[in-house]
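Structure first, then comments.
Heavy atoms only: backbone and side chains are in, while hydrogens, waters and symmetry mates are out. Values in this document were obtained by computation on a predicted structure and should not be read as measured data.
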Amino acid sequence: MLHRPRNSRLTWTDHISNVIRQGSRGVGILSKLKTVLPRKILRTIYISLIFPHLSYCLPIWSGTANSRLKPLQTLQNRAIRYISALPPRTNTDQYFASLNLLKLKDLVTMKIAQFTFKWLNDQLPNRFDLFYTRNNRIHSYSTRQVDDIHQVPYRTSKSQLSFKFRSIQIWNNLPLDIKQSQSVPQLKRKLSKYLKLSYLN
């Protein structure tokens with residue numbers, strides 16, 4: 001269930017606190033089973049008990065300050081350490097890659113990219129038809145950005161946390177090969193591989 005912001009500053013604090021609470025229960029289960037079950041089963045427990053809370057409506061409520069999202073990444077890191085039988089404070093980057101899992105910020109990128117891809121390929125309901133504007137509708141100059149989505153300047157830091165601003169920024173900055181994917185599954189494969197490269201550097 002998505003907990004809508006109830007304070008005037010629209011910080012999603014209530015929902016994030018609920019995600020942390022629900023996710024912590026799953027992490028607690030992993031902690032108890034880490035020496036009993038194989039890694040493959042522990043990963044399945046993560047996917048079943050933790051991932052749904054992290055990913056539900058993530059593109060919407062992730063539009064908040066990084067300081068509010070940091071505890072969720074910490075929670076995710078703890079889960080990865082339990083799955084991989086790692087000591088506390090071990091860097092988890094390569095283990096995300098070996099488990100074929102994405103970090104929270106990259107889950108945001110993945111989900112937002114899928115939404116934007118669907119818009120560009122007319123796969124969303126009609127009510128989203130005017131949500132974005134392509135650059136080629138604004139001008140016809142032959143530039144590398146002509147097929148990108150037009151980004152209107154958002155001057156305040158709060159407005160730059162909006163879904164629309166973040167989604168345009170994410171999509172326009174993707175490598176061309178990923179943006180030229182022919183289907184959502186292909187987009188997911190290419191983007192997942194691209195995002196995980198940073199875990200191995």
Side-chain angles (χ1 to χ4, degrees), residues 1-19 22-23 47-66 68-69 72 76 100-140 143-196:
M1 178 179 179
L2 185 64
H3 291 246
R4 295 180 180 179
R6 295 178 182 173
N7 58 72
S8 59
R9 299 178 67 183
L10 301 177
T11 61
W12 291 106
T13 302
D14 290 346
H15 180 74
I16 291 173
S17 295
N18 184 63
V19 173
Q22 297 294 335
I47 293 297
S48 300
L49 300 183
I50 300 173
F51 180 78
H53 299 292
L54 290 175
S55 61
Y56 179 68
C57 292
L58 177 59
I60 305 301
W61 59 262
S62 60
T64 189
N66 286 334
R68 294 192 175 93
L69 297 177
L72 289 168
Q76 198 183 24
N100 196 27
L101 297 172
L102 292 175
K103 294 182 177 183
L104 185 72
K105 66 180 180 62
D106 294 328
L107 282 173
V108 175
T109 297
M110 176 65 76
K111 288 184 171 292
I112 286 180
Q114 289 178 61
F115 175 91
T116 313
F117 176 88
K118 289 178 180 179
W119 182 86
L120 288 165
N121 290 276
D122 299 319
Q123 296 176 14
L124 292 177
N126 293 339
R127 62 178 176 273
F128 290 106
D129 285 354
L130 302 179
F131 192 70
Y132 300 120
T133 302
R134 295 174 187 259
N135 278 340
N136 58 21
R137 298 291 297 275
I138 305 298
H139 63 75
S140 58
T143 67
R144 286 180 297 176
Q145 292 80 34
V146 68
D147 291 322
D148 283 350
I149 300 174
H150 183 63
Q151 178 70 282
V152 176
Y154 284 50
R155 304 196 181 279
T156 67
S157 57
K158 183 176 180 179
S159 63
Q160 290 174 5
L161 293 174
S162 70
F163 174 83
K164 187 170 185 177
F165 180 90
R166 291 182 298 127
S167 61
I168 295 173
Q169 187 176 55
I170 285 171
W171 182 262
N172 288 350
N173 286 317
L174 289 178
L176 183 60
D177 176 60
I178 295 176
K179 290 190 284 190
Q180 290 179 336
S181 297
Q182 298 300 304
S183 65
V184 172
Q186 186 181 67
L187 173 79
K188 291 172 67 176
R189 286 194 300 271
K190 289 184 176 182
L191 183 53
S192 180
K193 183 177 180 180
Y194 171 75
L195 293 171
K196 289 169 189 167

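- Atom CG of N126 sits in a sparse spot, with 12 or fewer heavy atoms from other residues, nucleotides or ligands closer than 6.0 Å.
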Let's go through W61 and T64 carefully: what are the C-alpha distance in whole Å and the side-chain angles of both, what is the deciding distance for side chain to side chain contact (heavy atoms under 4.5 Å, CB included) to 0.1 Å, and is it a yes or a no?
CA-CA 7 Å; W61 59 262; T64 189; 5.8 Å; no
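- We find the CG-CG distance between L58 and L104 to be 5.5 Å, quoted to the nearest 0.5 Å.
- Below 30°, between 30° and 60°, or above 60°: for F165 and Y154 the angle between ring planes is between 30° and 60°, a tilted geometry.
- In this structure, W12 CH2 and S17 OG are separated by 13.0 Å, a value rounded to the nearest 0.5 Å.
- Taking the ring axis of F131 as reference, the NZ or CZ atom of K164 stays within 45° of it and closer than 6.0 Å to the ring centre.
- Side-chain atoms of W171 do not come within 3.5 Å of backbone N or O of I149 as any donor-acceptor pair.
- Salt-bridge formation is detected for the pair D177/K190: a Lys NZ or Arg NE/NH1/NH2 atom is positioned less than 4.0 Å from an Asp or Glu carboxylate oxygen.
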Do Q114 and M110 pass the side chain to side chain contact (heavy atoms under 4.5 Å, CB included) test, and can you show the C-alpha distance, the side-chain angles, and the key distance before you say yes or no?
CA-CA 6 Å; Q114 289 178 61; M110 176 65 76; 3.3 Å; yes
Between D129 and L124, is a side chain to side chain contact (heavy atoms under 4.5 Å, CB included) present by the stated rule, with each step listed?
CA-CA 8 Å; D129 285 354; L124 292 177; over 6 Å; no
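- Residues P59 and K111 share a closest heavy-atom pair of CG-CB, 3.6 Å.
- For N18 (side chain) and D14 (main-chain N/O), no donor-acceptor pair under 3.5 Å exists by modelled atom type.
- The structure places CD of Q182 at 8.0 Å from CG of N121, a figure rounded to the nearest 0.5 Å.
- Taken to the nearest 0.5 Å, the CG atom of L72 stands 14.5 Å off from the NZ atom of K103.
- Residues G23 and I50 share a closest heavy-atom pair of O-CG1, 3.9 Å.
- One side chain, S62 or R166, offers a donor N or O that lies under 3.5 Å from an acceptor on the other.
- None of L191, L101, L195 except one satisfies the side-chain contact (heavy atoms from CB on, under 4.5 Å) rule with D106; the exception is L195.
- A side-chain donor-acceptor contact under 3.5 Å links K196 and S192.
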For W119 and Y132: C-alpha separation, side-chain torsions, deciding distance, then whether ring pair (Phe, Tyr, Trp, His ring centres under 6.0 Å) applies.
CA-CA 8 Å; W119 182 86; Y132 300 120; 5.1 Å; yes
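- Without hydrogens or angle criteria, Q76 side chain to L102 main chain gives a donor-acceptor distance under 3.5 Å.
- The line from NE2 of H15 to NE2 of H53 is 10.0 Å long, rounded to the nearest 0.5 Å.
- The shortest heavy-atom contact between D148 and K179 is OD1-NZ, 2.9 Å.
- Separation of atoms CD1 (I178) and CG (N173) is listed at 11.5 Å; rounding is to 0.5 Å.
- Panel note: side chain S162, backbone K158; no donor-acceptor pair is recorded below 3.5 Å.
- A 6.0 Å sphere centred on CG of N66 holds no more than 12 heavy atoms belonging to other residues, nucleotides or ligands.
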Under the side chain to side chain contact (heavy atoms under 4.5 Å, CB included) criterion, do V184 and Q123 qualify, and how do the steps go?
CA-CA 10 Å; V184 172; Q123 296 176 14; 3.9 Å; yes
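- A donor-acceptor contact under 3.5 angstrom links the side chains of T156 and S159, judged on distance only.
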